[in-house]
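Here the structure is a predicted model, which means the values were calculated and not measured. In what follows, residues are counted from 1 in the order of the sequence shown.
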Amino acid sequence: QGRLVESGGGSVQAGGSLTLSCEASEEIQTSNCIGWVRQVSGKEREGVAVVYVGADATRYADSVKGRFTISRDDAKSMVYLRMNDLKPEDTAMYYCAATCGGPYGSDSFKKADFYVWGQGTQVTVSS
């Protein structure tokens, strides 16, 4: 299935920025999509951003649209999540995930419908 390794989490004040990085193993390169999911302890996972490889398209959850940007560097097998104007409600464990359960346009990523997962990196935003 492949392997995903996240990095870049940390603590930041509200209004600040962070960039998360995800290194994907070779098997992930053939996935239909790769994205980011977050989870607050005790709550359901929420897909926040995804890039559909075949369509070369990106999609975002409404809660982060305009603030977060997902990008990829295929030469380095890396995917990034740039997070600007962070809010306390963005505090969560962030997971890199790949291989969407649904096709482009289905927005399955919003339900965290992925098959391959990283171990997660914590983001904490203080007010």
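In this structure the side chain of Tyr52 reaches within 4.5 angstrom of the side chain of Arg59, judged on heavy atoms. In this structure, Cys33 and Phe114 have side chains that are in contact, with non-hydrogen atoms separated by less than 4.5 Å. Annotation: side chain of Cys22 is in contact with side chain of Trp36 (closest heavy-atom distance under 4.5 Å). Counting heavy atoms from C-beta on, the side chains of Val37 and Gln39 never come closer than 4.5 Å. The closest side-chain heavy-atom distance from Asn32 to Thr99 is below 4.5 Å. Val50 has its side chain within reach of Cys100: a pair of non-hydrogen atoms, C-beta onward, lies under 4.5 Å apart. Side chains of Arg82 and Ser71 form no contact here, defined as non-hydrogen atoms less than 4.5 Å apart. Looking at Ile70 and Val79, their side chains come closer than 4.5 Å, going by heavy atoms from C-beta outward.
Linking ILVMFWY residues whenever their side-chain heavy atoms come closer than 4.5 Å, directly or via other members, places Val51 and Val116 in the same cluster. Cluster annotation: Val12 is connected to Tyr94 through the hydrophobic network of ILVMFWY side chains, with a link wherever side-chain heavy atoms come within less than 4.5 Å. In the hydrophobic cluster analysis, where Ile, Leu, Val, Met, Phe, Trp and Tyr join through side-chain heavy atoms closer than 4.5 angstrom, Trp117 is grouped apart from Val5.
Panel note: side chain Gln13, backbone Ser126; no donor-acceptor pair is recorded below 3.5 Å. Judged purely by atom type and a 3.5 angstrom limit, Arg67 uses its side chain to pair as donor or acceptor with the backbone of Asp85. With hydrogens and angles disregarded, a donor-acceptor distance shorter than 3.5 Å links the side chain of Thr91 to the backbone of Val125.
Closest heavy-atom contact between Ser17 and Asn84: OG-OD1, 2.9 Å. Taking every heavy atom of both residues into account, Ile28 and Ala98 meet most closely at CG2-CB, 3.8 Å. Ser127 and Pro88 get closest at one heavy-atom pair: CB-CG, 3.9 Å. The two atoms that bring Gly8 and Leu18 nearest to each other are O-CD2, 4.0 Å, heavy atoms only. Taking each heavy atom of Phe109 and Ala49 in turn, the nearest pair found is CE1-N, 3.9 Å. Scanning all heavy atoms of the two residues, the minimum distance from Ser21 to Met78 falls at CB-CE, 3.7 Å.
A donor and an acceptor atom, one from each side chain of Ser63 and Glu46, are located under 3.5 Å apart.
A salt bridge between Lys87 and Asp90 is absent, with no side-chain N of the basic residue lying under 4.0 Å from a carboxylate O of the acidic one.
With rounding to the nearest 0.5 Å, the separation of CG in Leu86 from OG1 in Thr124 is 10.5 Å. From Glu23, atom CD reaches atom CZ of Arg3 across 7.5 Å, with rounding to the nearest 0.5 Å. A distance of 8.0 Å separates CG of Leu20 from CZ of Phe68, quoted to the nearest 0.5 Å.
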Take Ser31 and Val53 through the test side chain to side chain contact (heavy atoms under 4.5 Å, CB included) and record every step on the way to the result. CA-CA 7 Å; Ser31 293; Val53 176; 5.7 Å; no

Just do the side chain to side chain contact (heavy atoms under 4.5 Å, CB included) check on Val64 and Arg38 with the steps written out, would you? CA-CA 11 Å; Val64 307; Arg38 66 186 181 187; 3.9 Å; yes

Pair Tyr60-Thr69, side chain to side chain contact (heavy atoms under 4.5 Å, CB included): steps then yes or no: CA-CA 8 Å; Tyr60 298 91; Thr69 302; 3.8 Å; yes

I'd like to know whether Tyr95 forms a side chain to side chain contact (heavy atoms under 4.5 Å, CB included) with Val48, so could you lay out the CA-CA distance, the side-chain angles of the two residues, the decisive distance to 0.1 Å, and finally the verdict. CA-CA 10 Å; Tyr95 298 89; Val48 297; over 6 Å; no

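Taking Arg45 as the reference, nothing meets the salt bridge (Lys or Arg N to Asp or Glu O under 4.0 Å) condition, with sequence neighbours excluded.
Residue Arg72 places its CZ atom among more than 12 non-hydrogen atoms of other residues, nucleotides or ligands, all under 6.0 Å distant.
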